[in-house]
Amino acid sequence: MNEADVKQLIISIVKPLVADSDAVSIETQRDAHFLNFNLSVAPADVGRVIGKHGRVAQAIRTIVYSVHLNDSARVRLNIVDQ
């Protein structure tokens with residue numbers, strides 16, 4: 001998979017969970033070991049994406065972290081609270 005595929009995967013998982021699907025955005029940032037996907041949603045939807053005790057966020061991360069990119073970078077998903 002490449003970076004665009006992972007981004008589309010995250011969007012397809014998150015959009016059905018939120019009330020304001022137009023506010024979903026992802027920025028990518030690469031560092032030495034990780035390809036960081038910074039997920040932003042509307043402030044009212046942050047709780048829906050995180051879930052009780054972080055269970056929804058952990059489930060999303062489990063799916064995303066299982067993806068192997070074409071290069072050696074590992075994937076990391078950050079939920080940005082605005």
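Worth saying up front: this structure is predicted, and the values here are computed from it rather than measured.
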From Met1 atom CE to Lys7 atom NZ, the distance as rounded to the nearest 0.5 Å: 14.0 Å
What's the separation between atom CD1 in Ile13 and atom CG in Leu77, rounded to the nearest 0.5 Å? 9.0 Å
Using the test side chain to side chain contact (heavy atoms under 4.5 Å, CB included), find all partners of Asn36 that sit at least two apart in sequence or belong to another chain. Gln29, Asp31, Phe34, Asn38, Arg76, Asn78
Spell out, yes or no, whether Val80 and Val46 are grouped together once hydrophobic residues are joined by side-chain heavy atoms under 4.5 Å, including indirect joins. no
Separation of Arg55 CZ from Ile60 CD1 (nearest 0.5 Å): 14.5 Å
Counting C-beta onward and ignoring hydrogens, is there a side-chain heavy-atom pair between Ile10 and Val24 closer than 4.5 Å? no
Between Ser21 and Lys15 the two heavy atoms that sit nearest each other are O-CE, 3.5 Å
Are side-chain heavy atoms of Gln58 and His53 found at a separation under 4.5 Å? no
Heavy-atom side-chain proximity of Val64 to Val6 below 4.5 angstrom: yes
Looking only at heavy atoms, what is the nearest atom pair of Leu35 and Glu3, with distance? CD2-CG, 3.9 Å
Gap between atom CD1 of Ile50 and atom CG of Asp81 - 0.5 Å precision: 6.5 Å
Do the non-hydrogen side-chain atoms of Val14 and Val41 ever get within less than 4.5 Å of each other? yes
Which atom pair, heavy atoms only, marks the closest approach of Arg48 to Val18? NH1-C, 4.1 Å
Please report the shortest heavy-atom distance between Ile79 and Arg61, naming the atom on each side. N-NH2, 4.0 Å
Check whether any side-chain heavy atom of Val49 sits under 4.5 Å from a side-chain heavy atom of Val56, and report yes or no. no
